[in-house]
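Here the structure is laid out as structure tokens; the discussion comes afterwards.
Atoms within a ligand are numbered from 1 in the order they appear, just like the ligands themselves. Only a predicted model underlies this, so the values are computations on that prediction, with no experimental measurement involved. For this chain, numbers begin at 1 and follow the sequence in order.
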Amino acid sequence: MSASREDILQELGLWPQWRRRDLPAEIENSLEHAASGNAGEAPARSTPVVQKKSGALTSPVLPLDQRVAEIAGMEWPQLKQSVADCTACALHKGRNKTVFGVGDEKAEWLFVGEGPGADEDIKGEPFVGQGGKLLDSMLAAIKLKRGENVYIANVVKCRPPNNRNPEADEVAQCEPYLHRQIEMIRPKLIIALGKVAAVNLLKREASVASMRGKIHDYRGTPMIVTYHPAYLLRSLPEKARAWEDLCFAVETMKGLQSAAAAPT
Ligand code: SF4
């Protein structure tokens, strides 16, 4: 039996009132991470890196410009293999699995977080565990479902140690993958989940509070900013604001769909 709207809002903690959940240590770490907000500087060009010989990236040392160009020409299978084999930044050293992204490759909705946590690193899928459960509830609250017209990805594909924010050079090496994913998905709307994702996508330092409630532009695609689910797990005020953001996103999507359907 499908969940009622009240069930979903209750799951989100918005009905009838919020109650705190007991959080595992990993989520607590993630919350401290999300609250610290010390990442987001514009990524800088970095020194060439050594890569594992696999897929199309066959050069052992590939300048970033060349790497960007090669990734920009990849199709899905090649892109997935390249991520699976990638050693372009230091994050590969501590990972169990790369976390490529999941969902409908023709989705209108794209949700982007900052990077994998412990659960994601083990399973190889973004937003699993408590934060993922909340994200799924948020999707359900606006009648969406993971994998159905929804794609979920992260700015970096490997877990930063101790859930720290990704460094600028790590983002610079990894974001060509996200760029290519977005080029192929061609979503109508991007939802940036949390400050780290938002500032790395928009390339400017700002708080989530100052970025939410507006339609931003990410390389030609409209983008809305809201809070990271891990942060929402313990923050009542932001949880209610996240619901406002979701409603704003739904209205924005309706406008985008109407504009796309209008005769030219
Ligand atoms: Fe490669 Fe991205 Fe993983 Fe770094 S985080 S090793 S760039 S896939």
Side-chain angles (χ1 to χ4, degrees), residues 26 29-30 33-34 38-103 105 110-128 151-185 192-201 203 218-219 228:
E26 285 295 346
N29 289 340
S30 180
H33 172 204
N38 59 358
E41 294 178 7
R45 293 290 168 117
S46 60
T47 54
V49 293
V50 176
Q51 295 176 306
K52 185 186 289 184
K53 187 173 181 179
S54 65
L57 298 180
T58 55
S59 173
V61 178
L62 207 56
L64 185 55
D65 285 355
Q66 188 178 342
R67 171 177 166 78
V68 168
E70 289 207 29
I71 291 173
M74 292 180 180
E75 300 300 324
W76 284 111
Q78 197 179 13
L79 191 70
K80 289 173 183 175
Q81 190 61 54
S82 180
V83 169
D85 294 340
C86 184
T87 57
C89 83
L91 294 183
H92 82 276
K93 294 175 185 172
R95 75 181 178 218
N96 286 302
K97 288 184 178 177
T98 55
V99 181
F100 180 79
V102 68
E105 292 172 358
L110 172 64
F111 291 77
V112 180
E114 61 194 68
D119 292 327
E120 290 79 12
D121 176 64
I122 291 168
K123 293 190 177 178
E125 182 175 338
F127 288 96
V128 294
Y151 197 93
I152 303 171
N154 283 310
V155 171
V156 293
K157 313 298 189 193
C158 300
R159 183 193 181 200
N162 301 314
N163 290 344
R164 66 159 170 76
N165 293 338
E167 301 286 352
D169 65 315
E170 295 159 354
V171 172
Q173 291 294 337
C174 208
E175 65 180 357
Y177 290 131
L178 180 63
H179 290 170
R180 185 62 184 143
Q181 285 174 299
I182 294 173
E183 281 176 357
M184 290 194 286
I185 296 168
L193 297 167
K195 175 176 176 174
V196 175
V199 299
N200 278 294
L201 291 172
K203 301 289 184 264
Y218 175 76
R219 297 161 67 103
H228 193 283

Check your understanding: Looking only at heavy atoms, what is the nearest atom pair of Leu91 and Pro160, with distance?
Key -> CD2-CA, 3.6 Å

Review point. Backbone N or O of Met74 within a donor-acceptor pair of the Arg180 side chain at under 3.5 Å?
Key: yes

Practice item. Applying salt bridge (Lys or Arg N to Asp or Glu O under 4.0 Å), name anything that partners Glu167, two or more places apart in sequence or on another chain. Key: none

Check your understanding: Of the listed options (Arg67, Lys93, Glu175), which comes nearest to atom 7 (S) of ligand 1 when hydrogens are ignored and any heavy atom counts?
Key -> Arg67

Point to revise | pair Val155-Cys174: side-chain heavy atoms closer than 4.5 Å | key: no

Study note, to complete from the structure: For Arg95, the ligand 1 atoms with a heavy-atom partner under 4.0 Å come out as 3 (Fe), 6 (S)

Review point. What orientation do Phe100 and Trp76 show, parallel under 30°, tilted 30 to 60°, or perpendicular over 60°?
Key: perpendicular

**Study point:** Neighbouring protein N, O or S atoms of atom 1 (Fe) of ligand 1, below 2.8 Å
**Key:** 1

Check your understanding: Between the side chain of Arg159 and the main-chain N/O of Arg95, is any donor-acceptor distance below 3.5 Å?
Key -> no

Check your understanding: Sequence neighbours excluded, which residues qualify as side chain to side chain donor-acceptor pair (under 3.5 Å) partners of Glu120?
Key -> none

